[in-house]
Amino acid sequence: MSDYKLEIYKDKSGGFRWRRTASNGEIVGASSESYAARKDCEANANRDTAADKWEFYKDKSGKSRWRCFSTANGKQVGKSTEAFSSPAAAKNNAKMNGWKG
């Protein structure tokens with residue numbers, strides 16, 4: 001994941017969110033919720049994803065996406081920010097965000 005820039009920012013509601021951006025400027029992953037404390041947002045962005053439950057699915061348009069859930073509390077902690085033409089492309093993007101495969 002070293003080829004990607006991690007950005008912590010405040011959303012419109014004043015909460016902290018993270019997004020991971022590729023060298024071409026494309027967002028390749030993002031938090032799925034905001035955090036009241038910056039440190040909690042950073043902890044989520046930098047967590048060990050080995051224990052997360054990763055889910056791959058087709059969205060309403062038939063495109064492939066991913067999302068991951070914390071095994072500690074069951075909450076969604078990450079998601080793809082775009083739809084992909086194939087499950088393989090979605091899995092490749094998930095690997096950029098810590099999915100071990």
Novice: Nearest heavy-atom pair of Leu6 and Asn46: which atoms, and what distance?
Specialist: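 Taking Leu6 first and Asn46 second, the nearest heavy atoms are CD2-OD1, 3.6 Å.
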Novice: I'd like to know whether the aromatic ring centres of Trp66 and Trp99 sit less than 6.0 Å apart in this structure.
Specialist: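 No, the ring centres sit 6.0 Å or more apart.
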Novice: Is there a side-chain contact between Lys91 and Phe56 in this structure, where contact means two heavy atoms from C-beta onward sitting under 4.5 Å apart?
Specialist: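 They are in contact (side-chain heavy atoms under 4.5 Å apart), so the answer is yes.
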Novice: Is the terminal nitrogen or CZ of Arg19 (NZ for Lys, CZ for Arg) located under 6.0 angstrom from the six-membered ring centre of Tyr9 and within 45° of that ring's axis?
Specialist: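 Yes, Arg19 sits over the ring of Tyr9.
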Novice: Kindly give the heavy-atom pair with the smallest separation between Arg47 and Trp18, and that separation in Å.
Specialist: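 That closest heavy-atom pairing would be NH1-CZ2, 4.4 Å.
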Novice: A cation-pi test, strictly: NZ or CZ of Lys75 under 6.0 Å from the centre of the six-membered ring of Phe69 and no more than 45 degrees from its axis. Yes or no?
Specialist: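 Pair Lys75/Phe69 does not count as cation-pi.
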Novice: Calculate, to the nearest 0.5 Å, the distance between atoms NZ and SG belonging to Lys10 and Cys41 respectively.
Specialist: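 These two atoms lie 11.5 Å from each other.
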Novice: Cation-pi check for Tyr35 against Arg17: NZ or CZ below 6.0 Å from the six-membered ring centre and within 45 degrees of the axis, yes or no?
Specialist: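 No, cation not above the ring by the 6.0 Å, 45° rule.
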Novice: Any non-hydrogen side-chain atom of Thr71 less than 4.5 Å from a side-chain atom of Asp52?
Specialist: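 Heavy-atom side-chain distance check fails, nothing below 4.5 Å.
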Novice: So which atom in Lys79 and which in Ser32 form the shortest heavy-atom distance, rounded to 0.1 Å?
Specialist: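 Nearest pair, atom of Lys79 first, then Ser32: CD-CB, 4.0 Å.
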Novice: Can you check whether Glu26 reaches Glu82 side chain to side chain, under 4.5 Å on heavy atoms?
Specialist: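 They are in side-chain contact.
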Novice: Which heavy-atom pair separates Asn44 from Ser31 by the least distance, and what is that distance?
Specialist: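 Distance-wise, the nearest heavy atoms are OD1-CB, 4.4 Å.
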Novice: What's the shortest heavy-atom distance between Phe16 and Ala37, and which atoms?
Specialist: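 It is CD1-C, 3.7 Å.
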Novice: Any heavy-atom pair between the side chains of Thr21 and Tyr4 that's under 4.5 Å?
Specialist: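 Sidechains of Thr21 and Tyr4: no contact.
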Novice: Would Trp54 and Lys100 count as a side-chain contact (heavy atoms from CB on, under 4.5 Å) if you check the C-alpha gap in whole Å, the side-chain angles of each, and the deciding distance to 0.1 Å?
Specialist: CA-CA 10 Å; Trp54 292 76; Lys100 304 297 184 221; over 6 Å; no
Novice: What I'd like to find out is whether the side chain of Arg20 reaches to under 4.5 Å of the side chain of Ile27, using heavy atoms alone.
Specialist: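 No, side chains not in contact.
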Novice: Any donor-acceptor pair under 3.5 Å linking the side chain of Asn93 with the backbone of Ser80?
Specialist: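 It does not hold such a pair.
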Novice: Would you say the side chain of Lys58 lies within less than 4.5 Å of the side chain of Ser64, judging by non-hydrogen atoms?
Specialist: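 A side-chain contact under 4.5 Å exists here.
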Novice: For the residue pair Asp11 and Ser34, what are the closest heavy atoms and their distance?
Specialist: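 Between these two residues, the closest heavy atoms are OD2-CB, 3.1 Å.
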